[in-house]
Amino acid sequence: MDVRGLMGYTAVHPVWGRLDASLDDLGCGRTWAEVHRVKGLGLACPECGGRVFARASQHGLRHF
């Protein structure tokens, strides 16, 4: 499956565990404000382990 152009809705934090952008508490008791545009969090893609960042599309859709 070609995943180029698809947004990721989950990420992994080294302490908080798996984050889900579709949930109000991200699935770990944290708020979007605690991860969006915050540098140095060490978020990773759950599939490949690559570095990801919390972002929001121009329509307000949250993703990593």
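Bear in mind the structure is a predicted one, so any value in this text is a computation, not a measurement. Just so you know, these numbers use all the heavy atoms, side chains as well, and skip hydrogens, waters and symmetry mates.
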Which atom pair, heavy atoms only, marks the closest approach of [X] to [Y]?
{"X": "L43", "Y": "A11", "answer": "CB-CB, 4.4 Å"}
{"X": "P14", "Y": "G42", "answer": "CD-O, 3.4 Å"}
{"X": "R18", "Y": "C28", "answer": "O-CB, 4.3 Å"}
{"X": "H36", "Y": "R55", "answer": "CD2-CA, 3.8 Å"}

- Message: With a sphere of 6.0 Å drawn around CZ of R30, does it hold more than 12 non-hydrogen atoms of other residues, nucleotides or ligands?
- Response: yes
- Test item: L61 and Y9 side chains (from C-beta on) under 4.5 Å apart, heavy atoms: yes
- Is it the case that one hydrophobic cluster holds both L19 and V15, taking links as side-chain heavy atoms less than 4.5 Å apart, direct or via other members? yes
- Are L41 and V12 connected in the hydrophobic side-chain network, where two residues link if heavy atoms are under 4.5 Å apart? no
Mind checking the [atom1]-[atom2] spacing from [X] to [Y]? Nearest 0.5 Å is all I need.
{"X": "W32", "Y": "L23", "atom1": "CH2", "atom2": "CG", "answer": "11.5 Å"}
{"X": "E34", "Y": "D25", "atom1": "CD", "atom2": "CG", "answer": "10.5 Å"}
{"X": "T10", "Y": "L26", "atom1": "OG1", "atom2": "CG", "answer": "11.5 Å"}
{"X": "F53", "Y": "R37", "atom1": "CZ", "atom2": "CZ", "answer": "12.5 Å"}

